[in-house]
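What you see below is based on every heavy atom in this structure, not just the backbone, and it leaves out hydrogens, waters and symmetry mates.
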Amino acid sequence: MKEQTKPELIVRAAKAAGFEAALSRRRFLILSACAVAGAAALNVYNVWGADAPLIIIDNAKGLVLADPTRCVGCLRCELACTEYNDGRAQPSLARIKVSRNINFGPEGPSGGPLMQGAWGTGLSVQDTCRQCPHPVPCATACPESAIKADPATGARFVDAAVCIGCRLCLRACPFNMMSFDEETGQATKCFLCQGSPKCVEACPAGALRYVPWVDLTRGTPFRAPGLTVVPAEKAKGCLECHTSG
C-alpha cells in the first residue's frame with residue numbers, strides 16, 4: 001500500500017468528518033492545528049497512562065469549600081492567610097483569591113473566566129485550592145520536587161528550602177491557585193494551615209468551610225490552560241507505574 005503523506009491523511013480525515021472534498025486553505029490549517037493538538041494530547045496521555053491501571057497517591061484529608069452566595073467581600077480571609085503564613089498583610093500573596101463578578105455589559109470587559117452572564121452577577125467569588133488528586137499538576141511540574149505532601153493533612157506544600165523560583169508550578173496549575181512571593185523569590189500554595197485553615201476561621205459570614213476531601217477538579221472549569229510540563233525523570237517514573245496491563 002502506498003504510504004500517504006500528512007496532508008493526504010488530513011484530507012482523508014476531512015472527508016470522513018463530512019467536509020467537502022476540496023478543502024479551503026483556512027479549513028486545511030484548522031484541521032492541521034487540530035491534528036497537532038491531538039498528537040500532543042496523545043503524548044500527554046501516554047505519560048499519565050490514560051488507559052492503564054493507576055497507582056494512586058493519597059489525597060488530602062480535607063479542603064476549603066467556598067459559598068459565593070454568602071461572601072460579603074470583606075477580604076478578611078486573604079488577610080488572615082498572609083498574616084498567618086507570611087507574617088504580613090498582603091492579599092496579593094494569599095492562597096485564597098477573592099474576585100468580584102461584575103461586568104459592564106456585552107460590549108465591556110469580559111470579566112474573565114469567573115464571568116456569569118453578560119452583565120455579571122455581582123457575586124464575590126472565593127477561589128480556593130482544589131487539593132488536586134494524583135497526578136497533582138503543580139507537584140508534577142516541579143523539576144526540584146519541592147512540592148511535597150504534608151504528613152498530617154495530605155495537602156501539598158512548597159518546601160522553601162528546595163524551591164528555586166522557576167514558576168513552572170504556577171503555569172501548570174489549571175486553576176491559577178499558585179502564588180509567588182516576589183520578596184523571597186519562591187512559590188507558595190494552600191496547605192490548609194496544618195488542618196486548621198485561618199481563612200475559614202476569619203470569615204465572618206460562614207462563607208468558607210473546611211470539609212472532608214472531595215474531587216472538585218472534574219466538575220470545575222479550568223481558569224487557565226495548564227502547561228503540561230513533566231521533567232524527564234518524573235516522566236520515566238510515571239511510565240514505570242502507569243503501565244498497560
Identify the heavy atoms of A172 and A141 that sit nearest to each other, and give their distance. CB-CB, 3.5 Å
Are R76 and P204 close enough that some pair of their side-chain heavy atoms sits under 4.5 Å apart? yes
Hey, which of V158, I96, T188 is the one that makes side chain to side chain contact (heavy atoms under 4.5 Å, CB included) with S179? T188
Short side-chain to backbone donor-acceptor contact, T140 and P137, under 3.5 Å: no
Audit row: S196, E201, side-chain hydrogen bond (donor to acceptor under 3.5 Å, both in side chains) steps and yes/no: CA-CA 8 Å; S196 182; E201 296 177 4; 2.5 Å; yes
Closest heavy-atom contact between K189 and R156? NZ-O, 3.0 Å
Where C138 and M178 come nearest, the two heavy atoms and their spacing: CB-SD, 3.9 Å
Can you tell if the side chain of Q186 reaches within under 4.5 Å of the side chain of D181, non-hydrogen atoms only? no
Only one of L216, N59, L192 forms a side chain to side chain contact (heavy atoms under 4.5 Å, CB included) with Q131, so which one is it? L192
Check: K61 side chain, A152 main-chain N or O, donor-acceptor pair, under 3.5 Å: yes
Heavy-atom closest pair, residues A89 and E83: CB-OE2, 3.8 Å
Does R218, at its CZ atom, have more than 12 non-hydrogen atoms belonging to other residues, nucleotides or ligands within less than 6.0 Å? no
Kindly write out the residues that satisfy salt bridge (charged side-chain N to carboxylate O under 4.0 Å, His left out) with D150, not counting sequence neighbours, or none if the list is empty. none
Give a yes or no answer on whether the side chain of S124 reaches the backbone of V72 with a donor-acceptor pair at less than 3.5 Å. no
Taking the side chain as C-beta and beyond, is there a heavy-atom pair between D215 and R130 under 4.5 Å? no
Run the numbers on F175 and C132 for side-chain contact (heavy atoms from CB on, under 4.5 Å), then give the verdict. CA-CA 10 Å; F175 303 107; C132 296; 4.1 Å; yes
Examine L65 and W213 and state if one hydrophobic cluster contains both, with Ile, Leu, Val, Met, Phe, Trp and Tyr joined whenever side-chain heavy atoms are less than 4.5 Å apart. yes
Pi-cation contact, F180 with R167 (under 6.0 Å, within 45°): yes
Quick check: does any side chain N or O of K97 sit under 3.5 Å from a backbone N or O of A94, one acting as donor and the other as acceptor? yes
Under the side-chain contact (heavy atoms from CB on, under 4.5 Å) rule, what do N85 and F191 come out as? Steps first, then yes or no, please. CA-CA 10 Å; N85 291 293; F191 60 97; 3.1 Å; yes
Do V162 and I147 sit in the same hydrophobic cluster, where Ile, Leu, Val, Met, Phe, Trp and Tyr count as joined when their side-chain heavy atoms come under 4.5 Å apart? no
Report yes if some heavy atom in the side chain of T217 is under 4.5 Å from a heavy atom in the side chain of P133; otherwise report no. yes
Scanning both residues in full, the closest heavy-atom pair of C193 with K198 reads SG-N, 3.6 Å
With a 4.5 Å limit on heavy-atom distance, are the side chains of M177 and C190 in contact? no
Look at the side chain of T128 and the backbone N and O of V64, then say whether any donor-acceptor pair between them is shorter than 3.5 Å. yes
Minimal non-hydrogen separation, V98 against C71, with atom names: CG1-SG, 4.4 Å
Do any N or O atoms from the side chain of D159 and from the backbone of A161 form a donor-acceptor pair under 3.5 angstrom? yes
